[in-house]
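Below is one structure, written out as structure tokens; the observations come after it.
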Amino acid sequence: LLKMPFIRMRVDEWKFHMPMVGQVYSKLAISRFSHILSMLVRSGVPLLRSLEVAPGVVGNLYLSQRVNDARQSIQNGSSIADGFRQIPILPPMVISLVAIGERTGAVDEMLDHLVAQYDRDVRYALKTLSAMIEPVITVIMGIGILFLALAMFLPIWNMSHVIIRP
């Protein structure tokens, strides 16, 4: 089912909007994309070619399609920041840093700053998410143990009632 492009596109888009986990996934995808893009640009790969390669590493069809749209816009003469504005999952900070990097000629350095910031954000978000999920898992395990104990002791309790009755 996920091999169908339309469904895969919707599922990949939904990953960015999932409750609780969507923000972490967004930050992780942006960090990966920015890291690869920075490495490619720093290595001398032309930006348009880098924008073809980088989204494939993230492995999200929705992000790849949006970056491809941005690449087309940049190829048609738009600035990099204007092209990135077409990617709805990119926050304004990312676009601002790219615009500054574009003006100063240091896009790769700005992307490195972005990667460092998003890596910190992802670590913090994962700690927060695990702290939120931990009590839920504890309650679920408690309920499971309760059912297991009831499954073991209810038959014994019922047998004791049968034995006591004449």
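Values reported hereafter were calculated over all heavy atoms of this structure, with side chains retained and with hydrogens, waters and symmetry mates removed.
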- Item | Flag if over 12 foreign heavy atoms under 6.0 Å of CZ, R66 | yes

- Task: Please confirm whether the backbone N or O of L61 pairs with a side-chain atom of D12, one donor and one acceptor, at under 3.5 Å?
- Result: yes

Do S79 and D82 pair up side chain to side chain, a donor and an acceptor below 3.5 Å, judged on atom types alone?
yes

When every non-hydrogen atom of L48 is compared with those of I74, the smallest separation belongs to CD2-CG2, 3.8 Å

Measuring only between side-chain heavy atoms, which start at C-beta, is P55 closer than 4.5 Å to L37? no

- Item | Stepwise side-chain contact (heavy atoms from CB on, under 4.5 Å) check, M20 with I133 | CA-CA 10 Å; M20 292 175 40; I133 291 175; 4.2 Å; yes

Exercise. Is I30 reachable from L97 through a run of I, L, V, M, F, W or Y residues, each pair having side-chain heavy atoms under 4.5 Å apart?
Worked result: yes

Query - E52 atom CD: more than 12 heavy-atom contacts under 6.0 Å - result: yes

Query raised in the report: When you measure from the side chain of S34 to the backbone N and O of L111, does any donor-acceptor pair fall under 3.5 Å?
Result: no

dist W14:CH2 -> H17:NE2 (nearest 0.5 Å) comes out at 11.0 Å

Rounded to the nearest 0.5 Å, the CD1 atom of I145 sits from the CD1 atom of I140 at a distance of 12.5 Å

**Prompt:** Is there a chain of hydrophobic side chains (I, L, V, M, F, W, Y, each step under 4.5 Å between heavy atoms) that links L146 to L154?
**Reply:** yes

Scanning both residues in full, the closest heavy-atom pair of L150 with P155 reads O-CD, 4.0 Å

Correct closest heavy-atom pair for L28 and V122 would be N-CG2, 3.7 Å

Check your understanding: Do D121 and Q117 have a side chain donor and acceptor closer than 3.5 Å?
Key -> yes

Is there a side-chain contact between V53 and V45 (heavy atoms, below 4.5 Å)?
no

- Message: Could you check whether any side-chain heavy atom of I87 comes within less than 4.5 Å of a side-chain heavy atom of L63, counting everything from C-beta outward?
- Response: yes

Value for CE (M18) from CZ (F16), rounded to nearest 0.5 Å, stands at 9.5 Å

Is there a donor-acceptor pair under 3.5 Å between the side chain of E102 and the backbone N or O of A81? yes

* **Pair M93-L114, side-chain contact (heavy atoms from CB on, under 4.5 Å): steps then yes or no** => CA-CA 9 Å; M93 181 186 80; L114 183 70; 3.9 Å; yes

Inset, instruction - Establish whether L90 and L47 are linked, either directly or via other cluster members, by ILVMFWY side-chain heavy-atom contacts under 4.5 Å. - result: yes

Review point. Got a sec: does the CZ of R42 have more than 12 other heavy atoms crowding it under 6.0 Å?
Key: yes

The reported gap from OG1 in T128 to CD in Q23 (rounded to nearest 0.5 angstrom) is 10.5 Å

Closest non-hydrogen atoms of G83 and S73, given as atom of the first, atom of the second and distance, are CA-OG, 4.2 Å

d(H35 NE2, D112 CG) to nearest 0.5 Å is 8.0 Å

In one Ile/Leu/Val/Met/Phe/Trp/Tyr side-chain cluster, 4.5 Å: L126, M132 | yes

Interatomic distance, CZ@F33 vs CG@L51, rounded to 0.5 Å, equals 5.5 Å

Y118 and V94 have their tightest heavy-atom pair at OH-CG2, 3.6 Å

Requested in this report: Answer yes when D119 and K27 have at least one side-chain N-carboxylate O distance shorter than 4.0 Å, and no when they do not.
Outcome: no

Between L40 and A54 the two heavy atoms that sit nearest each other are CD1-N, 4.2 Å

Is the shortest heavy-atom distance from the side chain of Y25 to the side chain of N60 under 4.5 Å? yes

Those residues at least two apart in sequence (or on a different chain) that pass side chain to side chain contact (heavy atoms under 4.5 Å, CB included) with T104 are I100, A106

**Item:** 4.5 Å side-chain heavy-atom contact, Y62 and P88
**Value:** yes

### Query
Transitively linked via ILVMFWY side-chain contacts under 4.5 Å: M110 with I95?
yes

